[in-house]
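Here's the structure, in C-alpha coordinates; my notes come after.
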Amino acid sequence: MIKTGRNPMPVLTYIAILSVCFIINLPGVAVAPIEGSLREILHTSELEIQLLTTLPNFVIIPFVFLAGKLSGYRHKIPLIICSLLLFIGCGILYLFTKSMTGLIIASCLLGAADGILIPFAMGFMVNAFSGKYLTRNLGIKSATSNFGTVVASFVVSFLISGHNWHLPFVVYLVAIVPLILCYWLKYIPGFGDPELPSQQFRKECVMQDKEKGIDFPKIWALSGNNAFFTFVTFAIVIYLPQLIAQYGWSPKVSGAVIGVFFIAVLVSGFVLELFLRTFRSLVYPILGALMAGGLALISFTSSEWALYLGGILAGFAFGIFQPLVYDKTSYAVKDPKKNIFGLSLVLCALYIAIAVEPFIITGISRLFHISSENNFVFSLSFYLSLAYIIFSFLLRKKFAFLIAPEYYS
(Lines give C-alpha, C1' and ligand atoms only; values in the text may rest on other atoms or scores of the structure.)
Protein backbone atom coordinates (compact mmCIF):
# COMPACT_ATOMS: atom_id res chain seq x y z
CA MET A 1 0.00 0.00 0.00
CA ILE A 2 1.12 3.57 -0.76
CA LYS A 3 1.00 6.26 1.96
CA THR A 4 -1.11 9.24 0.89
CA GLY A 5 -1.65 11.35 4.01
CA ARG A 6 -5.16 9.88 4.05
CA ASN A 7 -6.22 6.32 3.38
CA PRO A 8 -3.50 4.02 1.97
CA MET A 9 -3.64 3.44 -1.79
CA PRO A 10 -3.20 0.10 -3.60
CA VAL A 11 0.09 -0.15 -5.48
CA LEU A 12 -1.68 -0.97 -8.75
CA THR A 13 -3.75 2.21 -8.41
CA TYR A 14 -0.57 4.24 -8.04
CA ILE A 15 0.94 2.55 -11.10
CA ALA A 16 -2.25 3.29 -13.05
CA ILE A 17 -1.97 6.99 -12.12
CA LEU A 18 1.67 7.14 -13.21
CA SER A 19 0.87 5.35 -16.48
CA VAL A 20 -1.58 8.11 -17.41
CA CYS A 21 0.97 10.75 -16.36
CA PHE A 22 3.54 9.02 -18.58
CA ILE A 23 1.62 9.65 -21.82
CA ILE A 24 0.20 13.17 -21.41
CA ASN A 25 3.31 14.94 -22.75
CA LEU A 26 3.68 12.68 -25.80
CA PRO A 27 1.57 14.55 -28.41
CA GLY A 28 3.91 16.27 -30.86
CA VAL A 29 6.97 14.23 -29.90
CA ALA A 30 6.79 12.16 -33.10
CA VAL A 31 5.94 15.05 -35.42
CA ALA A 32 8.73 17.56 -34.72
CA PRO A 33 11.69 15.36 -35.81
CA ILE A 34 10.14 14.53 -39.20
CA GLU A 35 8.92 17.99 -40.23
CA GLY A 36 11.72 18.36 -42.77
CA SER A 37 11.06 14.91 -44.19
CA LEU A 38 7.34 15.60 -44.53
CA ARG A 39 8.05 18.62 -46.74
CA GLU A 40 9.79 16.34 -49.22
CA ILE A 41 7.68 13.19 -48.87
CA LEU A 42 4.23 14.82 -48.96
CA HIS A 43 5.22 17.98 -50.87
CA THR A 44 3.55 20.15 -48.26
CA SER A 45 3.40 23.92 -48.00
CA GLU A 46 4.78 25.94 -45.07
CA LEU A 47 1.20 26.75 -44.03
CA GLU A 48 0.35 23.06 -43.71
CA ILE A 49 3.43 22.45 -41.57
CA GLN A 50 2.43 25.36 -39.32
CA LEU A 51 -1.09 23.96 -38.99
CA LEU A 52 0.33 20.55 -38.08
CA THR A 53 2.51 21.98 -35.31
CA THR A 54 0.31 24.76 -33.89
CA LEU A 55 -3.32 23.74 -34.39
CA PRO A 56 -3.22 20.80 -31.91
CA ASN A 57 -2.05 23.19 -29.17
CA PHE A 58 -5.16 25.30 -29.71
CA VAL A 59 -7.36 22.18 -29.72
CA ILE A 60 -5.98 21.08 -26.34
CA ILE A 61 -7.11 24.27 -24.60
CA PRO A 62 -10.94 23.93 -24.84
CA PHE A 63 -10.74 20.23 -24.00
CA VAL A 64 -8.70 20.92 -20.86
CA PHE A 65 -11.45 23.32 -19.82
CA LEU A 66 -14.15 20.81 -20.83
CA ALA A 67 -12.50 18.11 -18.71
CA GLY A 68 -12.58 20.47 -15.76
CA LYS A 69 -16.31 21.02 -16.21
CA LEU A 70 -17.05 17.31 -16.70
CA SER A 71 -15.04 16.40 -13.60
CA GLY A 72 -17.97 17.46 -11.47
CA TYR A 73 -20.01 14.50 -12.69
CA ARG A 74 -19.85 11.08 -11.08
CA HIS A 75 -18.89 8.96 -14.10
CA LYS A 76 -15.27 9.98 -14.61
CA ILE A 77 -13.68 6.61 -15.37
CA PRO A 78 -15.68 6.05 -18.60
CA LEU A 79 -14.58 9.51 -19.79
CA ILE A 80 -10.95 8.61 -19.15
CA ILE A 81 -11.38 5.27 -20.95
CA CYS A 82 -12.92 7.01 -23.99
CA SER A 83 -10.06 9.50 -24.06
CA LEU A 84 -7.48 6.72 -23.94
CA LEU A 85 -9.28 4.85 -26.74
CA LEU A 86 -9.22 8.03 -28.85
CA PHE A 87 -5.51 8.45 -28.01
CA ILE A 88 -4.80 4.90 -29.24
CA GLY A 89 -7.05 5.37 -32.27
CA CYS A 90 -5.05 8.44 -33.29
CA GLY A 91 -1.83 6.44 -32.98
CA ILE A 92 -3.29 3.86 -35.38
CA LEU A 93 -4.57 6.58 -37.75
CA TYR A 94 -1.06 8.07 -37.93
CA LEU A 95 0.30 4.71 -39.10
CA PHE A 96 -2.01 4.54 -42.13
CA THR A 97 -2.56 8.13 -43.24
CA LYS A 98 -0.76 9.18 -46.41
CA SER A 99 -1.66 12.86 -46.59
CA MET A 100 -0.92 16.02 -44.64
CA THR A 101 -4.66 16.52 -44.12
CA GLY A 102 -4.83 13.14 -42.41
CA LEU A 103 -1.88 14.03 -40.19
CA ILE A 104 -3.48 17.33 -39.18
CA ILE A 105 -6.79 15.61 -38.36
CA ALA A 106 -5.03 12.90 -36.33
CA SER A 107 -2.99 15.51 -34.45
CA CYS A 108 -6.08 17.54 -33.58
CA LEU A 109 -7.95 14.45 -32.36
CA LEU A 110 -4.89 13.49 -30.31
CA GLY A 111 -4.89 17.00 -28.85
CA ALA A 112 -8.55 16.58 -27.88
CA ALA A 113 -7.85 13.25 -26.14
CA ASP A 114 -4.80 14.65 -24.39
CA GLY A 115 -6.68 17.78 -23.34
CA ILE A 116 -9.13 15.65 -21.39
CA LEU A 117 -6.45 13.44 -19.83
CA ILE A 118 -4.16 16.27 -18.67
CA PRO A 119 -6.32 17.75 -15.86
CA PHE A 120 -7.45 14.29 -14.76
CA ALA A 121 -3.83 13.13 -14.44
CA MET A 122 -3.22 16.10 -12.15
CA GLY A 123 -6.54 15.52 -10.39
CA PHE A 124 -5.57 11.94 -9.55
CA MET A 125 -2.76 13.26 -7.39
CA VAL A 126 -4.75 16.07 -5.79
CA ASN A 127 -7.65 13.78 -4.87
CA ALA A 128 -5.47 10.92 -3.63
CA PHE A 129 -2.78 12.74 -1.64
CA SER A 130 -2.56 15.52 0.92
CA GLY A 131 0.08 17.52 2.76
CA LYS A 132 3.71 16.64 2.14
CA TYR A 133 2.62 13.54 0.24
CA LEU A 134 0.82 15.71 -2.31
CA THR A 135 3.84 17.97 -2.86
CA ARG A 136 6.15 14.98 -3.22
CA ASN A 137 3.90 13.12 -5.63
CA LEU A 138 3.24 16.15 -7.81
CA GLY A 139 7.01 16.24 -8.23
CA ILE A 140 6.99 12.55 -9.13
CA LYS A 141 4.08 13.16 -11.51
CA SER A 142 6.04 15.90 -13.28
CA ALA A 143 9.12 13.66 -13.45
CA THR A 144 7.07 10.77 -14.86
CA SER A 145 5.45 12.93 -17.55
CA ASN A 146 8.82 14.29 -18.66
CA PHE A 147 10.39 10.86 -18.45
CA GLY A 148 7.75 9.79 -20.96
CA THR A 149 8.86 12.63 -23.25
CA VAL A 150 12.53 11.68 -22.95
CA VAL A 151 11.91 7.97 -23.58
CA ALA A 152 9.55 8.68 -26.49
CA SER A 153 12.05 11.10 -28.04
CA PHE A 154 14.76 8.43 -27.85
CA VAL A 155 12.45 5.83 -29.44
CA VAL A 156 11.42 8.26 -32.18
CA SER A 157 15.05 9.11 -32.97
CA PHE A 158 15.71 5.37 -33.35
CA LEU A 159 12.63 4.67 -35.50
CA ILE A 160 13.14 7.73 -37.71
CA SER A 161 16.27 6.15 -39.15
CA GLY A 162 14.12 3.49 -40.85
CA HIS A 163 12.66 3.68 -44.33
CA ASN A 164 9.02 3.99 -43.19
CA TRP A 165 8.24 7.55 -42.00
CA HIS A 166 5.12 6.26 -40.21
CA LEU A 167 7.09 4.24 -37.64
CA PRO A 168 7.78 7.09 -35.13
CA PHE A 169 4.03 7.33 -34.47
CA VAL A 170 4.11 3.89 -32.85
CA VAL A 171 5.04 5.67 -29.58
CA TYR A 172 1.42 6.82 -29.18
CA LEU A 173 0.25 3.22 -28.83
CA VAL A 174 1.81 3.12 -25.36
CA ALA A 175 -1.57 4.46 -24.19
CA ILE A 176 -2.67 0.82 -24.23
CA VAL A 177 -0.92 0.41 -20.84
CA PRO A 178 -3.01 2.99 -18.88
CA LEU A 179 -6.11 1.68 -20.66
CA ILE A 180 -5.45 -1.78 -19.25
CA LEU A 181 -4.84 -0.33 -15.79
CA CYS A 182 -7.94 1.89 -15.78
CA TYR A 183 -9.83 -0.58 -13.58
CA TRP A 184 -7.68 0.38 -10.56
CA LEU A 185 -8.38 4.09 -10.92
CA LYS A 186 -11.71 3.55 -9.19
CA TYR A 187 -9.87 3.34 -5.86
CA ILE A 188 -8.85 7.01 -6.11
CA PRO A 189 -11.07 9.13 -3.80
CA GLY A 190 -13.61 11.05 -5.83
CA PHE A 191 -13.33 8.80 -8.90
CA GLY A 192 -14.77 5.47 -7.89
CA ASP A 193 -15.74 6.26 -4.31
CA PRO A 194 -18.78 8.46 -3.71
CA GLU A 195 -17.21 10.43 -0.88
CA LEU A 196 -13.88 12.24 -0.72
CA PRO A 197 -11.98 11.95 2.59
CA SER A 198 -11.49 15.00 4.72
CA GLN A 199 -9.00 17.56 3.46
CA GLN A 200 -8.18 19.03 6.84
CA PHE A 201 -4.63 19.92 5.81
CA ARG A 202 -5.78 22.38 3.18
CA LYS A 203 -8.47 23.86 5.39
CA GLU A 204 -5.99 24.56 8.17
CA CYS A 205 -3.24 25.96 5.93
CA VAL A 206 -5.06 28.21 3.52
CA MET A 207 -8.82 28.40 3.48
CA GLN A 208 -10.01 30.58 6.27
CA ASP A 209 -13.12 32.14 4.73
CA LYS A 210 -16.52 30.54 4.65
CA GLU A 211 -17.16 30.84 0.93
CA LYS A 212 -17.41 27.48 -0.86
CA GLY A 213 -16.15 26.61 -4.31
CA ILE A 214 -13.07 28.15 -5.92
CA ASP A 215 -11.08 31.17 -4.82
CA PHE A 216 -10.91 32.70 -8.31
CA PRO A 217 -8.56 35.62 -7.48
CA LYS A 218 -5.98 33.07 -6.35
CA ILE A 219 -6.64 30.90 -9.41
CA TRP A 220 -6.15 33.87 -11.76
CA ALA A 221 -2.94 34.84 -9.95
CA LEU A 222 -1.58 31.31 -10.35
CA SER A 223 -2.72 31.22 -13.98
CA GLY A 224 -0.88 34.44 -14.73
CA ASN A 225 2.23 33.15 -12.98
CA ASN A 226 2.03 29.89 -14.93
CA ALA A 227 1.47 31.59 -18.29
CA PHE A 228 4.35 34.04 -17.80
CA PHE A 229 6.86 31.42 -16.64
CA THR A 230 5.87 29.06 -19.48
CA PHE A 231 6.02 31.82 -22.10
CA VAL A 232 9.57 32.75 -21.09
CA THR A 233 10.92 29.23 -20.64
CA PHE A 234 9.37 27.58 -23.69
CA ALA A 235 11.22 29.95 -26.00
CA ILE A 236 13.91 27.26 -25.79
CA VAL A 237 11.62 24.49 -27.01
CA ILE A 238 9.91 26.56 -29.73
CA TYR A 239 12.74 28.69 -31.14
CA LEU A 240 15.99 26.85 -30.47
CA PRO A 241 15.82 24.74 -33.69
CA GLN A 242 15.58 27.95 -35.78
CA LEU A 243 18.45 29.53 -33.84
CA ILE A 244 20.61 26.45 -34.41
CA ALA A 245 19.80 26.57 -38.14
CA GLN A 246 20.75 30.27 -38.16
CA TYR A 247 24.15 29.34 -36.72
CA GLY A 248 24.54 26.75 -39.48
CA TRP A 249 24.90 23.90 -36.98
CA SER A 250 23.48 20.39 -37.28
CA PRO A 251 19.79 19.98 -36.36
CA LYS A 252 20.92 17.20 -34.02
CA VAL A 253 22.31 19.90 -31.70
CA SER A 254 18.87 21.45 -31.14
CA GLY A 255 17.36 18.02 -30.56
CA ALA A 256 20.06 17.21 -28.03
CA VAL A 257 19.69 20.54 -26.19
CA ILE A 258 15.91 20.19 -25.99
CA GLY A 259 16.41 16.61 -24.80
CA VAL A 260 18.74 17.88 -22.06
CA PHE A 261 16.11 20.50 -21.17
CA PHE A 262 13.47 17.82 -20.57
CA ILE A 263 15.92 15.60 -18.70
CA ALA A 264 16.55 18.53 -16.34
CA VAL A 265 12.78 18.92 -15.94
CA LEU A 266 12.62 15.19 -15.16
CA VAL A 267 15.39 15.27 -12.54
CA SER A 268 14.00 18.35 -10.79
CA GLY A 269 10.78 16.52 -9.95
CA PHE A 270 12.70 14.20 -7.63
CA VAL A 271 14.43 17.01 -5.69
CA LEU A 272 11.40 19.28 -5.28
CA GLU A 273 11.14 18.88 -1.51
CA LEU A 274 14.88 19.44 -1.00
CA PHE A 275 14.73 22.59 -3.12
CA LEU A 276 11.81 23.97 -1.10
CA ARG A 277 13.52 23.24 2.21
CA THR A 278 16.74 24.89 1.03
CA PHE A 279 15.42 28.17 -0.42
CA ARG A 280 12.08 28.55 1.40
CA SER A 281 10.62 32.03 0.80
CA LEU A 282 13.14 32.72 -1.99
CA VAL A 283 12.07 29.76 -4.14
CA TYR A 284 10.44 31.84 -6.89
CA PRO A 285 13.26 34.44 -7.18
CA ILE A 286 15.78 31.58 -7.34
CA LEU A 287 13.73 29.90 -10.08
CA GLY A 288 13.72 33.20 -11.95
CA ALA A 289 17.50 33.44 -11.53
CA LEU A 290 18.01 29.92 -12.89
CA MET A 291 15.76 30.73 -15.84
CA ALA A 292 17.60 34.02 -16.47
CA GLY A 293 20.98 32.28 -16.28
CA GLY A 294 19.94 29.65 -18.80
CA LEU A 295 18.51 32.20 -21.22
CA ALA A 296 21.60 34.43 -20.86
CA LEU A 297 23.84 31.55 -21.92
CA ILE A 298 21.66 30.94 -24.97
CA SER A 299 21.11 34.61 -25.81
CA PHE A 300 24.58 36.08 -25.46
CA THR A 301 26.91 33.22 -26.30
CA SER A 302 27.27 31.09 -29.41
CA SER A 303 29.08 28.11 -27.91
CA GLU A 304 27.56 24.66 -28.00
CA TRP A 305 28.42 23.96 -24.35
CA ALA A 306 26.57 27.15 -23.35
CA LEU A 307 23.41 25.92 -25.07
CA TYR A 308 23.50 22.67 -23.15
CA LEU A 309 24.12 24.39 -19.81
CA GLY A 310 21.40 26.94 -20.59
CA GLY A 311 18.96 24.14 -21.34
CA ILE A 312 19.81 22.42 -18.05
CA LEU A 313 19.30 25.57 -15.94
CA ALA A 314 16.01 26.55 -17.60
CA GLY A 315 14.73 22.97 -17.56
CA PHE A 316 15.49 22.59 -13.87
CA ALA A 317 13.66 25.84 -13.09
CA PHE A 318 10.63 24.81 -15.12
CA GLY A 319 10.60 21.35 -13.54
CA ILE A 320 10.48 22.81 -10.02
CA PHE A 321 7.94 25.47 -10.94
CA GLN A 322 5.32 23.21 -12.54
CA PRO A 323 4.44 20.82 -9.68
CA LEU A 324 4.67 23.70 -7.21
CA VAL A 325 2.12 25.88 -9.01
CA TYR A 326 -0.31 22.94 -9.32
CA ASP A 327 0.12 22.05 -5.67
CA LYS A 328 -0.75 25.64 -4.76
CA THR A 329 -3.79 25.41 -7.04
CA SER A 330 -5.21 22.67 -4.83
CA TYR A 331 -5.12 25.10 -1.89
CA ALA A 332 -7.20 27.65 -3.80
CA VAL A 333 -10.08 25.20 -4.24
CA LYS A 334 -12.48 25.09 -1.32
CA ASP A 335 -14.85 22.45 -2.68
CA PRO A 336 -13.04 19.10 -3.16
CA LYS A 337 -15.40 18.25 -6.02
CA LYS A 338 -14.01 21.18 -8.00
CA ASN A 339 -10.35 20.26 -7.67
CA ILE A 340 -9.98 19.24 -11.30
CA PHE A 341 -11.90 22.26 -12.58
CA GLY A 342 -9.55 24.59 -10.69
CA LEU A 343 -6.55 22.72 -12.05
CA SER A 344 -7.94 22.90 -15.60
CA LEU A 345 -8.06 26.69 -15.42
CA VAL A 346 -4.40 26.94 -14.43
CA LEU A 347 -3.45 24.29 -17.01
CA CYS A 348 -5.25 26.26 -19.73
CA ALA A 349 -2.93 29.18 -18.99
CA LEU A 350 0.08 26.99 -19.78
CA TYR A 351 -1.23 25.81 -23.13
CA ILE A 352 -2.47 29.25 -24.11
CA ALA A 353 1.03 30.62 -23.46
CA ILE A 354 2.59 27.91 -25.64
CA ALA A 355 0.02 28.36 -28.42
CA VAL A 356 0.15 32.15 -28.69
CA GLU A 357 3.90 32.68 -28.16
CA PRO A 358 4.84 32.36 -31.87
CA PHE A 359 2.12 34.83 -32.85
CA ILE A 360 3.15 37.36 -30.18
CA ILE A 361 6.83 37.17 -31.10
CA THR A 362 6.09 37.47 -34.83
CA GLY A 363 3.74 40.41 -34.19
CA ILE A 364 6.29 42.31 -32.09
CA SER A 365 9.06 41.59 -34.61
CA ARG A 366 7.01 42.97 -37.49
CA LEU A 367 5.79 45.95 -35.50
CA PHE A 368 9.33 47.06 -34.63
CA HIS A 369 10.94 45.77 -37.86
CA ILE A 370 13.22 43.35 -36.01
CA SER A 371 15.34 41.47 -38.54
CA SER A 372 16.30 38.41 -36.47
CA GLU A 373 13.25 36.98 -34.73
CA ASN A 374 15.24 34.06 -33.29
CA ASN A 375 17.77 36.27 -31.50
CA PHE A 376 15.05 38.66 -30.38
CA VAL A 377 12.91 36.04 -28.64
CA PHE A 378 15.79 34.86 -26.43
CA SER A 379 16.87 38.39 -25.56
CA LEU A 380 13.27 39.32 -24.72
CA SER A 381 12.85 36.19 -22.60
CA PHE A 382 16.06 36.97 -20.71
CA TYR A 383 14.91 40.49 -19.78
CA LEU A 384 11.45 39.19 -18.86
CA SER A 385 13.08 36.65 -16.55
CA LEU A 386 14.98 39.49 -14.83
CA ALA A 387 11.67 41.25 -14.27
CA TYR A 388 10.27 37.98 -12.87
CA ILE A 389 13.07 37.84 -10.28
CA ILE A 390 12.24 41.35 -9.05
CA PHE A 391 8.47 40.93 -8.94
CA SER A 392 8.57 37.47 -7.34
CA PHE A 393 10.82 38.86 -4.60
CA LEU A 394 8.65 41.92 -3.96
CA LEU A 395 5.47 39.79 -3.99
CA ARG A 396 6.90 36.82 -2.08
CA LYS A 397 4.21 37.19 0.61
CA LYS A 398 1.37 37.08 -1.91
CA PHE A 399 -0.36 33.76 -2.53
CA ALA A 400 0.99 33.17 -6.06
CA PHE A 401 4.60 33.50 -4.81
CA LEU A 402 4.20 32.47 -1.18
CA ILE A 403 6.07 29.44 0.14
CA ALA A 404 4.25 28.64 3.37
CA PRO A 405 6.11 26.83 6.21
CA GLU A 406 4.01 23.71 5.53
CA TYR A 407 6.01 23.20 2.33
CA TYR A 408 9.35 22.78 4.05
CA SER A 409 8.50 21.87 7.65
Side-chain angles (χ1 to χ4, degrees), residues 24-29 31-32 50-71 83 104 107-123 142 145-146 149 214-239 261 265 287-288 291 314 317-319 321-330 332-333 338-365 373 377 380-381 384-385 387-388 391-392 400-401:
I24 58 174
N25 284 355
L26 295 188
V29 74
V31 172
Q50 290 177 349
L51 287 174
L52 179 64
T53 55
T54 62
L55 193 57
N57 288 328
F58 284 101
V59 172
I60 285 177
I61 295 167
F63 281 92
V64 168
F65 183 76
L66 177 64
K69 296 294 289 184
L70 293 176
S71 66
S83 300
I104 293 172
S107 296
C108 289
L109 290 174
L110 186 66
D114 198 48
I116 292 176
L117 291 173
I118 287 169
F120 276 109
M122 199 74 66
S142 177
S145 300
N146 289 289
T149 304
I214 298 177
D215 191 331
F216 282 103
K218 291 179 180 178
I219 290 292
W220 302 141
L222 290 171
S223 298
N225 195 4
N226 198 14
F228 186 91
F229 205 96
T230 301
F231 181 93
V232 173
T233 310
F234 255 69
I236 295 174
V237 178
I238 298 172
Y239 285 96
F261 172 87
V265 176
L287 292 179
M291 180 170 60
F318 190 73
F321 176 85
Q322 282 292 294
L324 183 57
V325 75
Y326 298 127
D327 187 37
K328 291 173 72 68
T329 301
S330 67
V333 180
K338 296 182 179 180
N339 274 330
I340 297 177
F341 179 61
L343 286 165
S344 70
L345 296 175
V346 180
L347 281 162
C348 279
L350 179 145
Y351 288 98
I352 289 172
I354 294 173
V356 304
E357 180 164 0
F359 299 97
I360 292 175
I361 296 301
T362 300
I364 295 175
S365 299
E373 187 175 293
V377 66
L380 174 65
S381 297
L384 288 175
S385 64
Y388 186 87
F391 281 104
S392 61
F401 299 98

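Remember, it's a predicted structure, so these values are computed and weren't measured experimentally. We count residues from 1, following the sequence as given.
Here F231 contributes atom CZ and I360 contributes atom CD1; the two are 4.5 Å apart, rounded to the nearest 0.5 Å. Rounded to the nearest 0.5 Å, atoms CG (L52) and OG (S107) are 4.5 Å apart. The distance from atom OH of Y239 to atom CD of E357, rounded to the nearest 0.5 Å, is 6.0 Å. Interatomic distance, CG of L343 versus OH of Y326, reported as 8.5 Å (0.5 Å rounding). To the nearest 0.5 angstrom, L66 atom CG is 13.5 Å from I61 atom CD1. The line from CD1 of I340 to OG1 of T329 is 13.0 Å long, rounded to the nearest 0.5 Å.
The number of heavy-atom neighbours closer than 6.0 Å to CZ of F391, taken from other residues, nucleotides and ligands shown, is 12 or below.
A donor-acceptor pair under 3.5 Å is absent between the side-chain atoms of T230 and the main chain of A227, judged by distance alone. Checked by atom type and distance alone, the side chain of N146 never pairs as donor or acceptor with a backbone atom of V265 at under 3.5 Å.
Taking all atoms of both residues into account, the shortest heavy-atom contact from I24 to A121 is CD1-CB, 4.0 Å. Minimum heavy-atom separation, S381 to V232: O-CG1, 3.4 Å. Closest approach of M291 and S385 over heavy atoms only: CE-CB, 3.7 Å. What you find for G342 and V333 is that their closest heavy atoms are CA-CG2, 4.2 Å. Across every non-hydrogen atom of L347 and P119, the tightest pair is CD1-CA, 3.6 Å. The two residues G111 and I60 have their closest heavy-atom pair at O-CG1, 3.3 Å.
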Give the intermediate values and the outcome of side-chain contact (heavy atoms from CB on, under 4.5 Å) for residues F321 and N226.
CA-CA 8 Å; F321 176 85; N226 198 14; 3.4 Å; yes

Please step through side-chain contact (heavy atoms from CB on, under 4.5 Å) for the pair D114 and F63, ending with a clear verdict.
CA-CA 8 Å; D114 198 48; F63 281 92; over 6 Å; no

For a side-chain contact (heavy atoms from CB on, under 4.5 Å) check, start with the C-alpha distance between I361 and L380, then their side-chain angles and the critical distance, and finish with the verdict.
CA-CA 9 Å; I361 296 301; L380 174 65; 3.9 Å; yes

Take L350 and Q322 through the side-chain contact (heavy atoms from CB on, under 4.5 Å) test and state the conclusion after the steps.
CA-CA 10 Å; L350 179 145; Q322 282 292 294; 3.1 Å; yes

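Ring-centre distance between F58 and Y351: not below the 6.0 Å cut-off.
Note on ring orientation: taking the six-membered ring where Trp is involved, the planes of Y388 and F228 are parallel (angle under 30°, cut-offs 30° and 60°).
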